[in-house]
Enquirer: 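Sending over a structure as structure tokens; questions will come in a sec.
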Amino acid sequence: MANFHRLFRVLLMVFTLSGSVIRTMSVGIGINYGQIANNLPSPSRVAILLQSLNISRVKLYDADPNVLFAFSRSDVNFIIGLGNEYLQNMSDPEEALAWVQQNIQTHISQTQITCITVGNEVFNSNDSQLRSNLLPAMQSVYNALVNLRLDKQVSVTTAHSLNILANSFPPSAGTFKPDLAEFIQPILNFHSMVKSPFLINAYPFFAYKDSPAQVPLEYVLFQPNQGMTDPITNLHYDNMLYAQIDAVYAAIKAMGHTDIQVQVSETGWPSQGDMNEVGATPENAGLYNGNLLRRIQSGQGTPAKPSVPIDIYVFALFNEDLKPGPASERNYGLYYPDGTPVYNIGLQGYLPELLYSSSKRNVFSVLSLLLIFVAYQLIMRQ
């Protein structure tokens with residue numbers, strides 16, 4: 001029995017060391033796991049893929065029980081989504097309580113759920129009823145969490161498009177659109193009260209696509225460039241994403257709040273697009289996401305918030321073939337549905353590729369058996 005325990009400890013050490021070679025993805029990066037496709041791997045396979053990449057934060061656009069079950073007893077933290085179509089019902093406290101009981105309370109003992117996004121980019125719609133229902137829905141969901149004593153584990157927020165800004169340049173002059181003030185001000189008050197983050201979906205790709213002659217490609221791709229200096233604060237920006245984040249901070253401050261953290265719930269770059277989608281290439285996508293990952297790994301904050309690490313969820317894990325809209329919408333994935341990388345940002349050759357290739361999986365199995373045999377021989381010689 002003593003030999004067995006020594007064998008177990010050696011194997012644990014061996015696989016921990018081998019895992020440290022495989023797991024090179026940033027600790028601070030989250031990923032958006034969209035599922036608008038008919039060819040994606042099963043959630044259980046996705047769980048293995050993400051574990052191999054050391055990605056421990058995932059954002060869903062719903063509360064898919066199959067996904068939550070597949071990640072049970074894992075170290076992955078989930079943001080789960082409550083779609084815009086549910087906002088009217090969620091304004092009813094009883095409906096909100098039932099939803100939280102079914103989608104949060106049922107899973108939270110096995111799967112780590114840390115946040116609920118109530119609605120997504122609501123203010124992109126001109127639906128006045130939808131806009132009016134957003135905050136009441138957020139409040140009802142939060143109150144349901146309080147009633148179930150889950151409010152310390154799970155925060156409540158919503159995700160906004162950068163289109164809510166009336167001005168974003170220079171960053172220190174960032175302001176929200178005046179016609180949205182009546183909605184955003186009470187939402188900010190809610191965030192301040194319950195200590196939840198303000199989420200934005202920020203895509204420098206859109207700015208470059210719309211004005212490629214005016215927006216330097218290097219500036220949006222985190223490549224070496226002259227950057228820009230905010231004439232008000234004298235802060236220097238060498239990339240657009242950080243300028244966009246600080247513009248949101250400035251807009252929030254203009255409404256009287258300095259105690260709300262801004263997080264990026266979506267950002268990414270498409271590897272393919274329509275003819276008019278300038279810059280949508282695998283090379284640019286690889287540069288954007290690869291450089292972004294390196295920035296996040298460094299723990300660097302924005303110029304206006306240098307001591308606050310940037311919290312970012314990359315969009316997206318897979319290409320999604322059923323997404324409507326321009327071609328770019330179906331080509332934001334880091335991976336094809338078969339598990340192979342769309343482009344090289346240092347992820348090829350790691351465990352995900354081994355898992356999705358039968359020949360390489362056999363190599364990994366042989367290596368595992370070899371490690372076991374070597375460990376056993378070492379122990380028996382003691």
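This structure is a prediction, so every number in the text was calculated from the model and none was measured.
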Enquirer: Is any side-chain heavy atom of Val194 less than 4.5 Å from a side-chain heavy atom of Val156?
Expert: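 The answer is no; the side chains never approach within 4.5 Å.
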
Enquirer: Flag the pair Thr157 / Phe198 as yes when at least one side-chain heavy-atom distance between them is below 4.5 Å, and no otherwise.
Expert: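 In short, these two side chains do not touch, never coming nearer than 4.5 Å.
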
Enquirer: Do Glu121 and Asn163 pass the side-chain contact (heavy atoms from CB on, under 4.5 Å) test, and can you show the C-alpha distance, the side-chain angles, and the key distance before you say yes or no?
Expert: CA-CA 9 Å; Glu121 299 189 349; Asn163 289 336; over 6 Å; no

Enquirer: Do Pro186 and Leu135 make a side-chain contact, defined as non-hydrogen atoms from C-beta onward lying under 4.5 Å apart?
Expert: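 The answer is yes; the side chains approach within 4.5 Å.
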
Enquirer: For a 4.5 angstrom cut-off between non-hydrogen side-chain atoms, does Asp62 reach Gln35?
Expert: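 Result yes, sub-4.5 Å side-chain heavy-atom pair found.
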
Enquirer: I'd like to know if the side chain of Trp269 and the backbone of Leu287 have a donor-acceptor N/O pair within less than 3.5 Å.
Expert: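 No; judged by distance alone, with no hydrogens or angles, the pair does not exist.
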
Enquirer: Which residues pass the side-chain contact (heavy atoms from CB on, under 4.5 Å) test with Thr158, not counting sequence neighbours?
Expert: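 Thr158 satisfies side-chain contact (heavy atoms from CB on, under 4.5 Å) with Leu134, Met138, His160 only.
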
Enquirer: Is it possible for you to say whether Phe315 and Tyr313 belong to one hydrophobic cluster, with membership spreading through side-chain heavy-atom contacts below 4.5 Å?
Expert: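 Per the 4.5 Å side-chain linkage, Phe315 and Tyr313 are not co-clustered.
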
Enquirer: Output the distance between atom CG (Asp92) and atom CG (Leu97), rounded to the nearest 0.5 Å.
Expert: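 Reported value, rounded in 0.5 Å steps: 10.0 Å.
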
Enquirer: How long is the straight-line distance from CZ of Phe71 back to CG of Asn77, given to the nearest 0.5 Å?
Expert: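 These two atoms lie 11.5 Å from each other.
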
Enquirer: Checking Asn167 side chain against Ala173 main chain: does a donor-acceptor pair fall under 3.5 Å?
Expert: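 Such a contact is found between Asn167 side chain and Ala173 backbone.
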
Enquirer: Checking Asn89 side chain against Glu95 main chain: does a donor-acceptor pair fall under 3.5 Å?
Expert: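 Not confirmed, Asn89 side chain does not pair with Glu95 backbone.
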
Enquirer: Just one of Phe123, Phe190, Phe176 clears the ring pair (Phe, Tyr, Trp, His ring centres under 6.0 Å) bar with Phe183, so which one?
Expert: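 Running ring pair (Phe, Tyr, Trp, His ring centres under 6.0 Å) over Phe123, Phe190, Phe176 with Phe183 returns exactly one hit, Phe123.
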
Enquirer: With no hydrogens and no angle check, is any side-chain donor or acceptor of Lys253 less than 3.5 Å from a backbone partner on Ser172?
Expert: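 Checked: no pair found.
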
Enquirer: Out of curiosity, Met90 CE to Leu82 CG, how far, rounded to the nearest 0.5 Å?
Expert: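 One gets 5.5 Å once the value is rounded to the nearest 0.5 Å.
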
Enquirer: Are Leu292 and Met240 connected in a single hydrophobic cluster, I mean Ile/Leu/Val/Met/Phe/Trp/Tyr linked by side-chain heavy atoms less than 4.5 Å apart?
Expert: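 Yes, because Met240 and Leu292 connect within a single hydrophobic cluster, where side-chain heavy atoms sit under 4.5 Å apart.
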
Enquirer: Compare all side-chain heavy atoms of Ile55 with those of Val76 and state whether any distance is below 4.5 angstrom.
Expert: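 Of all side-chain heavy-atom pairs linking Val76 with Ile55, none is under 4.5 Å.
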
Enquirer: Please check this pair: side chain of Asn38 against backbone of Asp321, looking for a donor-acceptor N/O pair closer than 3.5 Å.
Expert: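 No; zero donor-acceptor contacts below 3.5 Å.
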
Enquirer: In terms of hydrophobic clustering (I, L, V, M, F, W, Y; side-chain heavy atoms under 4.5 Å; direct or indirect links), are Leu199 and Tyr203 co-clustered?
Expert: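 No; Tyr203 is not reachable from Leu199 via cluster members.
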
Enquirer: Kindly work out whether a path of hydrophobic side-chain contacts (I/L/V/M/F/W/Y, heavy atoms less than 4.5 Å apart) joins Leu334 to Tyr33.
Expert: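 Hydrophobic grouping puts Leu334 with Tyr33.
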
Enquirer: Just by distance, with hydrogens left out, do Gln223 and Asn291 show a side-chain donor and acceptor under 3.5 Å apart?
Expert: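 The criterion, which ignores hydrogens and geometry beyond distance, is satisfied for Asn291 and Gln223.
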
Enquirer: Closer than 3.5 angstrom, by distance alone: can the side chain of Asp246 be matched with the main-chain N or O of Pro171 as a donor-acceptor pair?
Expert: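 Checking the backbone N and O of Pro171 against the side chain of Asp246, no donor-acceptor pair under 3.5 Å is found.
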
Enquirer: Checking Gln112 side chain against Ser74 main chain: does a donor-acceptor pair fall under 3.5 Å?
Expert: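 Flag set: sc Gln112 to bb Ser74 pair under 3.5 Å.
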
Enquirer: Hey, does the side chain of Asp274 reach the backbone of Ser328 with a donor-acceptor pair shorter than 3.5 angstrom?
Expert: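 No; judged by distance alone, with no hydrogens or angles, the pair does not exist.
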
Enquirer: Determine whether the side chains of Tyr332 and Asn32 contain a donor N or O and an acceptor N or O closer than 3.5 Å.
Expert: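 Looking only at side-chain atoms, Asn32 and Tyr332 do not form any donor-acceptor pair under 3.5 Å.
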
Enquirer: Gln185: which residues meet the side chain to side chain donor-acceptor pair (under 3.5 Å) condition with it, sequence neighbours left out?
Expert: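 Side chain to side chain donor-acceptor pair (under 3.5 Å) list for Gln185, sorted by chain: Asn189.
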
Enquirer: Any pair with a residue in residues 208-250 that passes ring pair (Phe, Tyr, Trp, His ring centres under 6.0 Å), sequence neighbours left out, goes on the list, sorted by first then second residue, please.
Expert: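 Residue pairs with at least one partner in residues 208-250: Phe222-Tyr288.
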
Enquirer: Given side chains that start at C-beta, do those of Ile310 and Leu241 come closer than 4.5 Å, heavy atoms only?
Expert: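 A side-chain contact under 4.5 Å is absent here.
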
Enquirer: Are Ser265 and Asn201 close enough that a side-chain donor and a side-chain acceptor fall under 3.5 Å?
Expert: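 Ser265 vs Asn201: donor-acceptor pair found between side chains.
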
Enquirer: Output the distance between atom OG (Ser132) and atom CG (Asp127), rounded to the nearest 0.5 Å.
Expert: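 The OG atom of Ser132 sits 8.5 Å away from the CG atom of Asp127.
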
Enquirer: Between atom CG of Leu53 and atom CD1 of Ile48, what is the distance when rounded to the nearest 0.5 Å?
Expert: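 It comes to 12.0 Å.
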
Enquirer: Same cluster or not: Leu49 versus Leu293, using hydrophobic residues (I, L, V, M, F, W, Y) connected whenever any side-chain heavy atoms lie under 4.5 Å apart?
Expert: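 Hydrophobic grouping puts Leu49 with Leu293.
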
Enquirer: Has the side chain of Asp64 got a donor or acceptor atom that lies under 3.5 Å from a matching backbone atom of Asn66?
Expert: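 Answer holds: yes.
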
Enquirer: Does some side-chain heavy atom of Asn284 sit less than 4.5 Å from a side-chain heavy atom of Val220?
Expert: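 Of all side-chain heavy-atom pairs linking Asn284 with Val220, none is under 4.5 Å.
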
Enquirer: Could you check if a side-chain atom of Leu50 sits within less than 4.5 angstrom of a side-chain atom of Leu317, using non-hydrogen atoms only?
Expert: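 Counting from C-beta outward, Leu50 and Leu317 do come under 4.5 Å.
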
Enquirer: Within the distance-only criterion (no hydrogens, no angle test), does the side chain of Arg57 pair as donor or acceptor with the backbone N or O of Ile79 below 3.5 angstrom?
Expert: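 No: the side chain of Arg57 does not pair with the backbone of Ile79.
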
